[in-house]
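Below you'll find the structure, written out as structure tokens, and then a few comments.
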There are 2 protein chains.
Amino acid sequence: MTQGKAEYVKGTLDLLILKIVALGPNHGYAIAQRLQQISKDFFQIHQGSLYPALHRLEDRGWLEAEWKDTETGRDAKFYTLTRKGRKHLEAELVNWERLTEAVALVLRTAE
Amino acid sequence: MTQGKAEYVKGTLDLLILKIVALGPNHGYAIAQRLQQISKDFFQIHQGSLYPALHRLEDRGWLEAEWKDTETGRDAKFYTLTRKGRKHLEAELVNWERLTEAVALVLRTAE
DNA sequence: TACGACACCTAGCGTGTCGACATATAGCGC
DNA sequence: GCGCTATATGTCGACACGCTAGGTGTCGTA
């Protein structure tokens, strides 16, 4: 049944991560926190989804990683959006908009 | 890369099918056509997605199937929304709304 | 010293979508 | 009658994604 819990991401995870990183370089753990916070707890990204997604995005050349220290003095892998990643984000934004419009068209249909 | 072509349904297929059937009993082939037409060609449901989806929805008790003749005199399996299916559709509508709102929250974030 | 929060990671599983293929009938032009 | 297109249903294998469940290690605090 796709889940078993409550939160689904339905293929929007890449888009969301790219958007968060576009706000400024950040590390995985913090990205998940921001996502949860901004979405008012709707998105609760599990680590088993988060890290594979980040590696995926890096493999595709949309993110770049660099080890740095956090404010709290721990090692963390900071991700930055590449030029390619920014272009892809823009394309994904358009795609998402088109998708939601198309769905809205169907859902608004009465008869 | 999620696709390779152009159209993705991102887990909205069940919702869309249920909605179309809610407009009136219909058979698979026609459901796909209506979906394509209403969405102005955005959704082009492949047969390899359509029929498994219909069987899934039937298995879960959200749709009921019955063989009938179409207007053009061919045999076709007409699907009807069950009471359970209608409840599920309503729940899915709320879920979709919540999801899009949450995504919108993230995407609107500037800073 | 024990615990929770921080921060990273992987393996295995379920499931949904797609592409390709298979089947069959109705209606049309030739 | 023959071939073609549209209608109509279906299966199968590959693949990508997200989830569960496990693992490592550090820091701060009670």
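Keep in mind that the numbers below use all heavy atoms, side chains included, and drop hydrogens, waters and symmetry copies. Below, chain A is the first sequence line, B the second, and so on; all start at residue 1.
- Across all strands shown, A:Gly73 has no heavy atoms under 4.0 Å from either base or sugar-phosphate atoms.
- The backbone N or O of A:Ile45 sits nowhere less than 3.5 Å from a side-chain atom of A:Ser49 that would complete a donor-acceptor pair.
- Counting to the nearest Å, the C1' atom of D:dT9 and the OH atom of B:Tyr51 are 5 Å from each other.
- A residue-by-residue look at B:Arg74 and A:Ser49 shows that B:Arg74 has its nearest nucleotide of DNA chain D further toward the 5' end.
- The phosphate of C:dC6 has neither OP1 nor OP2 within less than 4.0 Å of any side-chain N or O from A:Thr70.
- Note on ring orientation: taking the six-membered ring where Trp is involved, the planes of B:His88 and B:Trp62 are parallel (angle under 30°, cut-offs 30° and 60°).
- Side-chain atoms of A:Lys77 lie closest to C:dC8 of the nucleotides D:dA8, C:dT10, C:dC8.
- Distances from the side chain of B:His55 to the nucleotides D:dT9, D:dG10, C:dC8 place D:dG10 closest.
- For the pair A:Tyr29 OH and D:dT24 P, the interatomic distance rounds to 18 Å; values are reported in whole Å.
- With values rounded to the nearest 0.5 angstrom, A:Gln44 atom CD is found 4.5 Å from A:Gln36 atom CD.
- A sub-4.0 Å separation between OP1 or OP2 of C:dT15 and a side-chain N or O of B:Arg56 is absent.
- In summary, A:Arg56 and A:Asp14 engage in a salt bridge, as defined by a charged side-chain N under 4.0 Å from a carboxylate O.
- Looking at heavy-atom distances under 4.0 Å, A:Gln33 makes contact with sugar-phosphate atoms alone, never a base.
- Nucleic acid contact for A:Gly48: base, since at least one base atom lies under 4.0 Å from a heavy atom of the residue.
- The side chain of B:His46 places no N or O atom within less than 4.0 Å of a non-bridging phosphate oxygen (OP1 or OP2) of C:dA20.
- Every residue meeting the side chain to side chain contact (heavy atoms under 4.5 Å, CB included) condition with A:Thr80, not counting sequence neighbours, appears here in chain and number order: A:Pro25.
- Remark: A:Glu64 CD is loosely packed, at most 12 non-hydrogen atoms of other residues, nucleotides or ligands lying under 6.0 Å away.
- The side chain of B:Thr72 places no N or O atom within less than 4.0 Å of a non-bridging phosphate oxygen (OP1 or OP2) of D:dA6.
- With hydrogens and angles ignored, the 3.5 Å screen pairs no side-chain donor or acceptor of B:Thr12 with any backbone N or O of B:Leu15.
- Contact check of residues 13-21 of chain B against DNA chain D (heavy atom, cut-off under 4.0 Å) returns no residues at all.
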